[in-house]
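Quick notes on the structure that follows.
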Protein chains: 2
Amino acid sequence: MTDQKTTLDTRERILDVAERLFMENGYEGTSMRVITGAAEVNLAAVNYHFGSKEALLREVFRRRLAWLNHQRLEALDRLEEHAAGAPLKPSQILEAFFGTLLRMGEDPALGGMTFLRLLGRTLTEPAEFIRTFFAGEYAQVIDRYKLALFRALPDVPKAEIVWRLHFMLGAMSYAIAGTDVLQVVTGCEVGDLAGEGADADPSDTLLARRLAQRLMPFLLGGLRAPLPQFHELPVTTTDTRARAVPQDGLRP
Amino acid sequence: MTDQKTTLDTRERILDVAERLFMENGYEGTSMRVITGAAEVNLAAVNYHFGSKEALLREVFRRRLAWLNHQRLEALDRLEEHAAGAPLKPSQILEAFFGTLLRMGEDPALGGMTFLRLLGRTLTEPAEFIRTFFAGEYAQVIDRYKLALFRALPDVPKAEIVWRLHFMLGAMSYAIAGTDVLQVVTGCEVGDLAGEGADADPSDTLLARRLAQRLMPFLLGGLRAPLPQFHELPVTTTDTRARAVPQDGLRP
DNA sequence: GTACCATTAAAACGAACGTTTGAACGAACC
DNA sequence: GGTTCGTTCAAACGTTCGTTTTAATGGTAC
């Protein structure tokens, strides 16, 4: 027959199925039996190939994040090399960080929107081993990008930049994960929002691209917003009085 | 003795404990035995008072969300009455929606930051009954606020407003939930970010207030960002060619 | 053929899960 | 005092969980 089950087939079929099921039902909500059943492999296959359920989840992410974060570092390298020592523009940095991720959503071979949604949801999963795993995977990348933002916005307090990086990650994660979560809150199908005919499958490729185009301006607007005022805050130390942030092109 | 265990005591002790544990370990990650154990009540107490674990989670949210969403609607009522027919300012709307929520974080009697964190995390939980529950709880409020934003920003396409409402909810949820989630990604304690001495308990009250002051400008900046360009959007299908990381040219 | 190896298969493991049961308690009312 | 009713209790229910075990399979090298 056409589909011989070699080792690689089994491993990757498990990974693909687990990626989708973890996205749909969460880590704790997805049992090994459901995974192996959907992948049409034996129940013991997961423990044989990966060792444990935790290790399976880690591998699901590792095979995507390794590529993603490598691309992110490379993108930043190219930008900085091209800038020849000058600070980058915030828009460039955001494009390198978020754009690289969102472009994964356009390519099914890289996990497509399934992986993006899984990523967005899993970042808030409370399980300890998940958090420590992400910490390790992201440490390098976040650090490089943080420094780049510090240089790009020398007049903004570093703490403020980190907060806004926080906010931006959140906006992105929700926008991705919420494709079928928060639509329920806003009462709109994401297809409607995209102006699609809202067919059965709105072609993740297109979805990811539209999402990127709507998200990037929002993030930039937030990143460059005027600094908070801190009126009547009971004192502690820092005088973080508002200096205006370079807010070019802020249109009504 | 001082602590007599009346019915109300048991019910509320369960709710308080469940609120905290669901926040720390998630819904699926928190067992009835852990809940009842921490609340020092019998295992059967949850099923007796609430009927099921699902019903317990719903009640945990209902007792807070009922108050919150009522406040939100009242805040909007007050604003619109005061405006006497004129459209509200976006900043007023955001303040009424997000400010009301964030002010809950300052009051331990309303759940404090524990409830806020739980809310932020649970919005991404994939369980079906959770999503449908939130949909019902939020429908009214979201609808009123959406309309207010439509009126406040008549020149912005409605779809764009809904998207940005999406983004704002995400930024807020992450900022709240991430108090100990994404710090691990950004490598900073939230105490550090706030400029605190980072004592044992940074006094949720203060934390919530600082968070609000940093979040609101970000949200406003994002909401009023220039509209996306939609340049060269291919009409139909895939063409998944990854354009190389886009470069320098990107001029804001 | 035989020995070896990685992989798959079927069955069982103990533990933990949410829920239910039936009895015991204790204050309130007649 | 006896009855009632809301509540608490210990114990068990049947199920499902992740994992382990033991045997069978199929190809490759000798």
Side-chain angles (χ1 to χ4, degrees), chain A residues 1-61 122 125-130 132-133, chain B residues 1-61 122 125-130 132-133:
Chain A
M1 303 309 272
T2 58
D3 54 39
Q4 50 175 352
K5 287 190 180 181
T6 77
T7 297
L8 268 175
D9 275 332
T10 297
R11 264 186 63 101
E12 290 222 0
R13 194 160 55 247
I14 291 176
L15 286 175
D16 289 340
V17 166
E19 183 172 71
R20 179 174 55 83
L21 290 178
F22 282 147
M23 181 270 283
E24 290 172 356
N25 308 330
Y27 174 73
E28 314 248 25
T30 307
S31 73
M32 306 272 282
R33 284 168 178 82
V34 171
I35 295 173
T36 53
E40 299 180 71
V41 301
N42 189 269
L43 170 59
V46 168
N47 285 286
Y48 174 78
H49 283 283
F50 303 98
S52 68
K53 189 186 177 186
E54 289 193 7
L56 168 62
L57 180 68
R58 274 192 292 265
E59 187 55 30
V60 164
F61 279 102
T122 311
E125 288 253 1
E128 181 66 22
F129 84 97
I130 296 181
T132 64
F133 168 73
Chain B
M1 292 297 133
T2 57
D3 54 35
Q4 48 176 353
K5 287 192 180 180
T6 76
T7 298
L8 269 175
D9 274 334
T10 297
R11 264 186 63 99
E12 290 222 359
R13 193 160 55 246
I14 291 176
L15 287 175
D16 289 340
V17 166
E19 183 172 71
R20 180 173 55 83
L21 291 178
F22 282 148
M23 180 270 283
E24 290 172 357
N25 308 334
Y27 173 73
E28 314 247 26
T30 307
S31 73
M32 306 272 281
R33 284 167 178 82
V34 171
I35 295 173
T36 52
E40 297 181 72
V41 301
N42 189 270
L43 171 59
V46 169
N47 285 286
Y48 174 77
H49 284 283
F50 303 97
S52 69
K53 189 187 178 186
E54 289 194 7
L56 169 61
L57 180 68
R58 275 192 292 264
E59 187 56 30
V60 164
F61 279 101
T122 311
E125 289 252 1
E128 181 67 23
F129 83 97
I130 295 180
T132 65
F133 169 72

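All chains are named by letter (A, B, ...) in the order of the sequence lines, taking the proteins before the strands, and each is independently numbered beginning at 1.
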**Study point:** Ser52(B) side-chain N/O to Ala55(B) backbone N/O, donor-acceptor pair under 3.5 Å
**Key:**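 Yes; at least one donor-acceptor contact below 3.5 Å.
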Point to revise | Derivation and outcome, side chain to side chain contact (heavy atoms under 4.5 Å, CB included), residues Leu56(B) and Asn47(B) | key: CA-CA 8 Å; Leu56(B) 169 61; Asn47(B) 285 286; over 6 Å; no
Euclidean distance, atom [atom1] of residue [X] to atom [atom2] of [N] [Å, nearest integer]:
X        : N      : atom1 : atom2 : result
His49(A) : dT7(C) : NE2   : P     : 6 Å
Ile14(B) : dC9(D) : CD1   : P     : 10 Å
Glu12(A) : dT7(C) : CD    : C1'   : 17 Å

Check your understanding: Where along nucleotides 12-21 of chain C does protein come under 4.0 Å, by heavy atom, of base (B) or sugar-phosphate alone (S), with - for untouched nucleotides?
Key -> B----BBBBB
**Study point:** Qualifying side chain to side chain donor-acceptor pair (under 3.5 Å) pairs, either residue in residues 22-32 of chain A, two or more places apart
**Key:**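 Output for this query is empty, none listed.
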Exercise for review: Please report the C-alpha distance between Arg58(B) and Phe50(B) in whole Å, then the side-chain angles of each, then the deciding distance to 0.1 Å, and finally whether the side chain to side chain contact (heavy atoms under 4.5 Å, CB included) criterion is met.
Suggested key: CA-CA 9 Å; Arg58(B) 275 192 292 264; Phe50(B) 303 97; over 6 Å; no
Review point. Can you list the residues that meet the side-chain hydrogen bond (donor to acceptor under 3.5 Å, both in side chains) rule with Glu19(A), with sequence neighbours excluded?
Key: Arg64(A)
